[in-house]
Each structure stands twice: as C-alpha cells, then as structure tokens.
Asks: 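One structure follows; several queries about it will come next.
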Amino acid sequence: MDLQIKGKTALVLASSDGLGKAIAHELANEGANVMLTSRTEENLRIAKEEIEKTATGSVSYCLLDQTKSESIATAVKTTRQTFGSISILVNNSGGPPAGSFEDFGDEDWQQAFELTLLSYIRVIRMVLPDLKENKGRILNNTSSSTKEPIDGLTLSNVFRVGILGLAKTLSQELAKDDILVNTIGPGRIQTKRVDELDQANAKKKGKRKKTYKLPTYQLFQWDVMENQKSLLK
C-alpha cells in the first residue's frame, strides 16, 4: 500500500520501544522521514539502527521528556531543523503507575495528567502551524480502556478517555484546515509495559505471572498497522 507519505516529516513520541517504535518503523518503511523520541539515548540509538535496516525514509532521534514543555519544544524544533515542516504527528506515551483510586494522591494525579494527556495537548499546539500548512495528520495512541476501564489502571483509565474528547473536538475544529485527527485504542500487545503490568498484578495477588499468548512486535507491525494505515490517508 502506497500511503503517499514519501519525503514527509513524521514526529513520533515515545518511539524507542513498543507500539511507538512499531508505528515509527512502518512510517519509515513507507518513505517518511521519522524523528524518534524518548528519554533514553541508548534505546533511541538501537531503535534507529534497527529501523534503518528496512526504511526507505530517513530516521533520526532526539531526547524528550514528555512531562516538560521545554523538552517538547526542543523536540519540535529539532525535527523541523532536521527534516523540515512536520506533516504527521503521532502522539504516544508510556502509562502512569498501576493502582486503585485510594492508592494515589494529588501529586500522582498531576504527574499522570502531564504525561498522559497534557503532553499530547502541548505537542499538538506546537506542531499545529505545520499541520495547517501541510494539511497534516494527527494520530493519537491510547488504550482499549477508552472503551472499557481496566481494573487496577485508575490513572490511565481517566486520562486516556480525555484524549478521546480532545481528538473529537480537534477533528471538528480543524476540519476546515484539512487536518485529519484519529485515535487508536490497542488492546493487549506484548510490550514491556504489558509485562510490567502483568508482573504487578501477579505480585498484588500473590501469584506467579501468567503466560499469555499475545501478538509479537512483528505481528503488531503487520496486523495492526495494516488496519490503521488508512488513518493517514
């Protein structure tokens, strides 16, 4: 499938591992110039080298702490300086800590808000001039919890739903600028985040971690991305 994104600039948040990395890999394979972001340079370097093995577009990376506005601004500036005006924004983030409502205080809620929802708001605001110029695309990665809350993920359940409200509002407000806004809510995909949650749940219940038959990273690239590619058209 030719998405007609060859040479376009894509900024992908939290993309040194997991679903963010898989999405970045597919975009680069389609010829987009992709900026990877993460807090860990070593992970970014490894991801870049892996993606470049099959990519037809260029790949670069920059450090990003999504909870810091100034860090987001630096990532946006670096992307523009490296590849030019941004046409594709993929919002993605790690998840906040697992736990029930009574486990968290104000600081926990604030940190989860800044990571999971406010980071999306900030980067969209900063990239919006480019997206208007290029009739760009925004793809928000969330979770299946937007459809049905997941036990033990109180913080994530609350703020992931907020992303849906943001995306729907923007899709209406930005339609006049030919900017397409979509949100995906993947279920259980075998990533480090899912492994960590399984370990935490098992420990809480005093049981050994279950072995689940989950899609691999490669299967995610093929099965899920094939279904979501139309979101960029």
Side-chain angles (χ1 to χ4, degrees), residues 11-24 37-39 64-69 71-72 88-128 137-174 179-201 204 212 214-215 217 220 223-225 227-228 231-232:
L11 172 59
V12 186
L13 304 191
S15 47
S16 66
D17 197 8
L19 305 190
K21 177 183 173 184
I23 294 172
T37 68
S38 171
R39 290 180 295 180
L64 170 62
D65 180 349
Q66 288 181 222
T67 65
K68 307 297 184 183
S69 180
S71 184
I72 295 174
I88 301 168
L89 172 62
V90 180
N91 280 319
N92 183 46
S93 75
S100 61
F101 180 80
E102 292 181 307
D103 293 331
F104 303 115
D106 285 358
E107 184 176 350
D108 301 308
W109 283 98
Q110 183 64 35
Q111 291 176 349
F113 167 62
E114 291 178 356
L115 172 66
T116 313
L117 179 57
L118 185 57
S119 64
Y120 285 31
I121 295 170
R122 284 169 167 166
V123 72
I124 291 172
R125 186 168 55 220
M126 294 179 192
V127 174
L128 194 54
R137 302 289 183 261
I138 301 173
L139 183 61
N140 300 304
N141 188 33
T142 57
S143 164
S144 59
S145 65
T146 56
K147 183 176 181 180
E148 181 70 26
I150 299 174
D151 290 345
L153 294 183
T154 301
L155 296 175
S156 181
N157 291 338
V158 170
F159 294 115
R160 302 292 190 192
V161 173
I163 294 170
L164 284 184
L166 171 67
K168 185 61 177 179
T169 300
L170 290 177
S171 70
Q172 297 170 339
E173 292 184 358
L174 301 179
I179 296 175
L180 183 64
V181 184
N182 279 292
T183 302
I184 57 175
R188 288 182 60 85
I189 307 293
Q190 190 170 13
T191 63
K192 289 182 180 179
R193 166 70 171 171
V194 169
D195 286 342
E196 290 170 357
L197 291 175
D198 287 344
Q199 291 283 7
N201 286 334
K204 184 176 181 180
Y212 295 93
L214 298 175
Y217 166 63
F220 170 78
D223 295 335
V224 179
M225 285 307 298
N227 291 333
Q228 303 300 338
L231 299 180
L232 296 174

Asks: Could you pull out all residues at least two apart from D65 that satisfy side-chain hydrogen bond (donor to acceptor under 3.5 Å, both in side chains)?
Replies: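 D65 satisfies side-chain hydrogen bond (donor to acceptor under 3.5 Å, both in side chains) with T67 once adjacent residues are dropped.
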Asks: Enter the distance from I124:CD1 to N140:CG here, rounded to the nearest 0.5 Å.
Replies: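 So the gap between those two atoms works out to 5.0 Å.
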Asks: State, yes or no, whether a side-chain contact exists between I88 and L139 at a heavy-atom distance under 4.5 Å.
Replies: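 No. Closest side-chain heavy atoms not under 4.5 Å.
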Asks: If you round to the nearest 0.5 Å, how far is CD of E102 from OG1 of T154?
Replies: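 It is 10.0 Å, given to the nearest 0.5 Å.
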Asks: Counting C-beta onward and ignoring hydrogens, is there a side-chain heavy-atom pair between N91 and I138 closer than 4.5 Å?
Replies: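 Side chain of N91 against side chain of I138, heavy atoms only: contact under 4.5 Å found.
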Asks: What's the spacing between L19 CG and I184 CD1 if we round to 0.5 Å?
Replies: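 One gets 7.5 Å once the value is rounded to the nearest 0.5 Å.
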Asks: Side chains of S100 and D103: donor-acceptor distance under 3.5 Å anywhere?
Replies: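 There is such a pair (donor and acceptor under 3.5 Å, judged by atom type) between the side chains of S100 and D103.
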Asks: Spell out, as yes or no, whether a donor-acceptor pair under 3.5 Å connects the side chain of T146 to the backbone of S143.
Replies: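 At least one qualifying donor-acceptor pair exists.
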Asks: Looking at every non-hydrogen atom in both residues, tell me the closest pair between V161 and N157 and how far apart they are.
Replies: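 Looking at all heavy atoms of both residues, the closest pair is CG2-O, 3.2 Å.
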Asks: Give, for atom OG of S69 and atom CZ of R122, the distance between the pair rounded to the nearest 0.5 Å.
Replies: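 Reported value, rounded in 0.5 Å steps: 4.5 Å.
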Asks: How far does CZ of R39 sit from CG of L64, to the nearest 0.5 angstrom?
Replies: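 Answer for the CZ-CG pair, R39 versus L64, is 9.5 Å.
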Asks: Could you tell me whether the side chain of L128 reaches within less than 4.5 Å of the side chain of I179, counting heavy atoms only?
Replies: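 A side-chain contact exists here, since the closest heavy-atom pair is under 4.5 Å.
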Asks: Compare every heavy atom of S156 with every heavy atom of P96, then report the nearest pair and how far apart it is.
Replies: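 Nearest pair, atom of P96 first, then S156: CG-N, 3.6 Å.
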Asks: CG of L166 to CG of L164: how many Å apart, nearest 0.5 Å?
Replies: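 It is 9.5 Å, given to the nearest 0.5 Å.
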Asks: What are the two closest non-hydrogen atoms of L115 and Q66, and how far apart are they?
Replies: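 The answer is O-NE2, 4.2 Å.
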Asks: Can you tell me if T183 uses its side chain to pair, donor with acceptor, with the backbone of A167 under 3.5 Å?
Replies: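 No; judged by distance alone, with no hydrogens or angles, the pair does not exist.
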Asks: Testing the basics here: between S171 and K168, what is the closest heavy-atom pair and its distance to 0.1 Å?
Replies: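 Looks like OG-O, 2.6 Å.
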Asks: Between G95 and R160, which heavy-atom pair has the shortest distance, and what is it?
Replies: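 Nearest heavy atoms, G95 then R160: CA-NH2, 3.6 Å.
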Asks: Within a strict 4.5 Å, meaning less than it, do heavy atoms of the L89 and R137 side chains meet?
Replies: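 L89 vs R137: side chains apart.
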Asks: Do the side chains of L155 and T116 get nearer than 4.5 Å, heavy atoms only?
Replies: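 They are not in contact (no side-chain heavy atoms under 4.5 Å apart), so the answer is no.
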Asks: Would you find a donor on one side and an acceptor on the other, under 3.5 Å apart, between the side chain of S145 and the backbone of I150?
Replies: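 No, the answer is negative, given that no donor and acceptor are paired below the 3.5 Å cut-off.
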Asks: Hey, what's the ring geometry for F159 with F113, parallel, tilted or perpendicular (30° and 60° as the breaks)?
Replies: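 Geometry flag for F113 against F159: tilted rings.
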Asks: Among all residues two or more places apart in sequence or in another chain, which pass the side-chain hydrogen bond (donor to acceptor under 3.5 Å, both in side chains) test with S38?
Replies: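 S38 satisfies side-chain hydrogen bond (donor to acceptor under 3.5 Å, both in side chains) with S16 once adjacent residues are dropped.
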Asks: Any side-chain heavy-atom pair from S93 and Y120 closer than 4.5 angstrom?
Replies: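 Yes - at least one pair of side-chain heavy atoms lies under 4.5 Å apart.
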Asks: Do N92 and V12 come within less than 4.5 Å of each other through their side chains, counting heavy atoms only?
Replies: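 They are not in side-chain contact.
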Asks: Mind checking whether T37 and L11 have side chains closer than 4.5 Å, heavy atoms only?
Replies: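 Counting from C-beta outward, T37 and L11 do come under 4.5 Å.
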